[in-house]
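Hydrogens, waters and symmetry mates play no part in the numbers below; they use all other heavy atoms, side chains included. Counting convention: from 1, in listed order, for ligands and their atoms alike.
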Amino acid sequence: MTIADRPESRQKNWDTGYELTKDERRFIMNHVYVAIAALTIGSLFGPLQAFQHSGVDFYPYIEPIIKSYYQGLTLHGVLNALVWTTFFIVGFTNLTTIKGLGRPLSHPHINRLGFWVMVVGLVMTAIPILLDEATVLYTFYAPLKANWAFYLGLTLVVVGSWIEGWGFFLTFRAWRKENPGVRSPFIALGGVVNAAMWQIATLGVAASILTMLLPWSLGITDATDVELSRTYFWFTGHPLVYFWLLPAYVSWYGMLPKQVGGKLFSDSLARLAFWMFLIVSVPVGFHHQFTDPGVPETWKYIHALLTYSVFFPSMLTAFTVIASLEYGARKRGGTGLVGWIRALPWDDPSVTAQLLAAILFMFGGIGGLTNASYNLNLVIHNTAWVPGHFHLTVATAVTLSFIGITYWMIPHLTGKKLWKPKVALFQAWTWFVGMIIFSNAMHVLGLLGAPRRTPLGDAPYVPEEWSGHLLRTSIGGAILLVSVLIYGWVMYKTARGPKVDPEDVPAIPIAESLRDPQLTPVWLDRFKPWLIAAGVLIVVAYGPQLWDQITGMQLNAPGWTPW
Ligand code: HAS
Ligand code: CU
């Protein structure tokens, strides 16, 4: 298609002018309420663990409710890594789909059903955890064994998110029919690609829970196969981290440029990054199993190589997002090679939170590459380095970005004003500073050999050289505790505040693309080739190993509940 015959519709600016209805706003808010509640409660346990490391143990004081460090750690991981993220992401994808496409959901009852299935699943998961019947940490590795309700609840959360995904796919298809030949709006496409990747990725935990863990916890089988359940878990567990990351990328590419007065530098590169995540997110799971004796080295090596390919879309992102920010900053009068950074709107808490999140992601990403290196992984695996890594990635790049998004989204959805933006700004900075202290200490501790998932305050083998770093984890944790409490408070006060003039309510920021998106090649706007490529790559990278492990399955681990 040449420029002359491209459809004229809404090509310069994706903002279709569609206003979300009251029902749509309320529906999205319901997701976000659950998400924020999970984050604030789940985060309370983080500092408890960090304090424990430096010998200040609060667990005995809360023993009637929480029995052990491990029960607290399970709550922390499940609420923060699984519940906060999933509920926020699904709610946010409703928003990007509806607003991006400029039309209502085609089958809103499907999405409603999906949401309620997720809520029922959440309650089913929470009860056994609170009863100390599912102290298995967020990875629920066999042979640790939980009450069946925990596994069934998690399954329902996943199934609910699938159902909502189907609602997004149907809406996207309806939009395509109504707009033949038009490139799909980027924020909508990004959310739908992520939902598609999630459906493929979660086949692993679905297989693990339905064929192994659930029958085992119900007593139908009396033992399980540890290696196979780990392989299934990481089939899902690695792409899970990109399921968390991609909504932040939707915002960094498709919204943040607008917030800083710039434009999306390249619509094509943005799409290419998302398609690359669709094809390479799954076939890399063995980089979590480099030390597993049951996986042959060749396959670990292949997954290590594929892991490096998943590094490229993040480099594309770093380049494109920074270019988009620079464009905005220069329009605001910024000058100099790096001096333009000062011209970004650092007084806007939503922008600042996302910029700080992205800055720490550079370090989290470098650490990720260290992890992915087969030989270096042997040094850091199962050490405090790994939680150091994922607090820069999921707990900062993702979480602080989502926090930044809520700083415009909650006011937009509730028709209120953000309560005390300066306090919100302070919150973003405290998260940044607290996390630098905490994660740096964790990385160093890991290099010194400190194990992860261990109440180090009780460990008799802690050498003197760890103690300063253990103290720093507590200091970082204390700052983060303050930060998360401020966040919960700002959200609460915002939601409880008075309604304001619609003029004063922030709009949904949608970045224009620098170049007419209609010039983006068609192959960057088609699902089929990428879905086929994803399927082929998964079969090649996982097929033989899955075949071997399933046919050689040995149900020999009876399962235990040590805590
Ligand atoms: Fe990871 C373990 C490898 C990314 C999360 N990872 C984990 C675990 C979690 C996690 C939760 O290969 C622990 C799981 C467990 O409990 O056992 N990870 C990687 C690699 C990447 C990576 C290669 N991880 C993530 C992301 C996560 C996440 C993203 C969550 C959201 N990870 C591993 C490996 C392990 C692992 C091994 C197993 C370790 C073991 O032994 O157990 C890559 O995708 C990273 C690429 C990213 C970059 C950064 C690009 C930078 C950007 C920012 C640009 C800046 C801007 C700001 C725009 C190269 C895009 C500009 C600002 C201005 C002011 C101008
Ligand atoms: Cu991974």
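When the heavy atoms of Tyr138, Phe363, Trp252, Phe361 are ranked by distance to atom 29 (C) of ligand 1, first place goes to Phe361. Scanning Leu137, Val321, Leu240, Val398 for the heavy atom closest to atom 58 (C) of ligand 1 points to Val321. Here the shortest heavy-atom distance to atom 38 (C) of ligand 1, taken over His288, His238, His303, belongs to His288.
Between the side chains of Thr307 and His287, at least one donor N or O lies within less than 3.5 Å of an accepting N or O. Side-chain atoms of Gln259 and Ser350 form a donor-acceptor pair, as typed in the model, at a separation below 3.5 Å.
Among heteroatoms of the N, O or S kind in His288, NE2 lies nearest the Cu ion (ligand 2).
With the Cu ion (ligand 2) as vertex, His238 ND1 and His287 NE2 subtend 100°, rounded to 10°.
Not close to ligand 1: Phe312, with no non-hydrogen atom less than 4.0 angstrom away. By the 4.0 Å heavy-atom criterion, Tyr249 is counted among the residues contacting ligand 1. Using 4.0 Å as the threshold, Tyr242 has a heavy atom nearer than that to some atom of ligand 1. Within the structure, ligand 1 lacks Trp385 among the residues with a heavy atom less than 4.0 angstrom away.
A cation-pi arrangement, defined by a distance under 6.0 Å to the six-membered ring centre and an angle within 45 degrees of its axis, is present between Lys145 and Trp216. A cation-pi geometry, defined here as NZ or CZ lying under 6.0 Å from the six-membered ring centre and within 45° of its normal, holds between Arg230 and Tyr141.
For atom 28 (C) of ligand 1, the closest heavy atom belonging to the protein is Thr393 OG1, 3.3 Å. Protein heavy atom nearest atom 10 (C) of ligand 1, with residue, atom name and distance: Phe390 CB, 3.7 Å. For atom 24 (N) of ligand 1, the closest non-hydrogen atom on the protein side is His389 NE2, 3.1 Å.
At least one donor-acceptor pair under 3.5 Å links the side chain of Thr370 to the backbone N or O of Ile366. No side-chain donor-acceptor contact under 3.5 Å links Ser281 to the backbone of Leu278.
Residue-ligand proximity, Arg452 to ligand 1, at heavy-atom distances under 4.0 Å covers atoms 15 (C), 16 (O), 17 (O). Close approach of ligand 1 to Thr307 is summarised as follows: ligand atoms under 4.0 Å from at least one heavy atom of the residue are 23 (C). If you number the atoms of ligand 1 from 1 as listed, the ones under 4.0 Å from a heavy atom of Ile322 come out as 56 (C), 58 (C), 61 (C).
Pairs of residues two or more places apart, or lying in two chains, that qualify as ring pair (Phe, Tyr, Trp, His ring centres under 6.0 Å) and include a residue from residues 315-369 are Phe265-Phe319.
Put simply, CZ on Arg515 and OG1 on Thr520 are 6.0 Å apart, with the number rounded to the nearest 0.5 Å.
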